[in-house]
Amino acid sequence: MNLGMPEMIFIFFMALVVFGPKKLPELARQLGKIMAEFKRASNEFKYQLESEITSAEIAENQTKRQELTQTILPPERPLNVERAPERGPEYIPEPPVSAPAPEAAPEMSKEPNA
């Protein structure tokens, strides 16, 4: 509704004629209370709607986080337990050290020419 000043003045005079000068302030007060109550109810509805959306987003994020942690975590039982059960699950065998190639060993033992 796009009401200008002339329209508002006309509506005021029509209400003054229809309801009279004694009843008009009381009607205006009641209209103000109704509008304030409507605004309060609409703000409460808006707050409820936003809180429901926020709680749904939080639940969705927690579900995604649980899915990610389930895929990222290592297996419950360490893989090296089967290889060395007498040493316990914390035992991690060291990788074997490879011996130098037989051709490389004689070159190391050569003395430099003087």
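Computed from heavy atoms alone, side chains included, the values below leave out hydrogens, waters and symmetry copies.
- Met14 belongs to a hydrophobic cluster with Phe10, counting contacts under 4.5 Å between side-chain heavy atoms of Ile, Leu, Val, Met, Phe, Trp and Tyr, direct or through other members.
- Under the 4.5 Å side-chain heavy-atom criterion for ILVMFWY residues, a single connected hydrophobic cluster contains both Met5 and Phe12.
- Residue pairs meeting the salt bridge (charged side-chain N to carboxylate O under 4.0 Å, His left out) criterion with at least one partner in residues 53-66, sequence neighbours excluded, are Glu60-Lys64.
- Remark: Ile58 engages Thr54, Gln62 in a side chain to side chain contact (heavy atoms under 4.5 Å, CB included) (not counting sequence neighbours).
- Residues passing the side chain to side chain contact (heavy atoms under 4.5 Å, CB included) test with Phe13, sequence neighbours excluded: Ile9, Leu16.
- Applying the side chain to side chain contact (heavy atoms under 4.5 Å, CB included) test to Phe19 and every residue at least two apart in sequence or in another chain returns Ala15, Lys23, Leu27.
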Would you list the atom pairs, donor with acceptor, under 3.5 Å between side chains in residues 35-42 and any protein atom, with sequence neighbours excluded?
from	atom 1	to	atom 2	distance (Å)
Ser42	OG	Phe38	O	3.3
Ser42	OG	Lys39	O	2.8

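- The side-chain heavy atoms of Glu52 and Gln48, taken from C-beta on, include no pair separated by under 4.5 Å.
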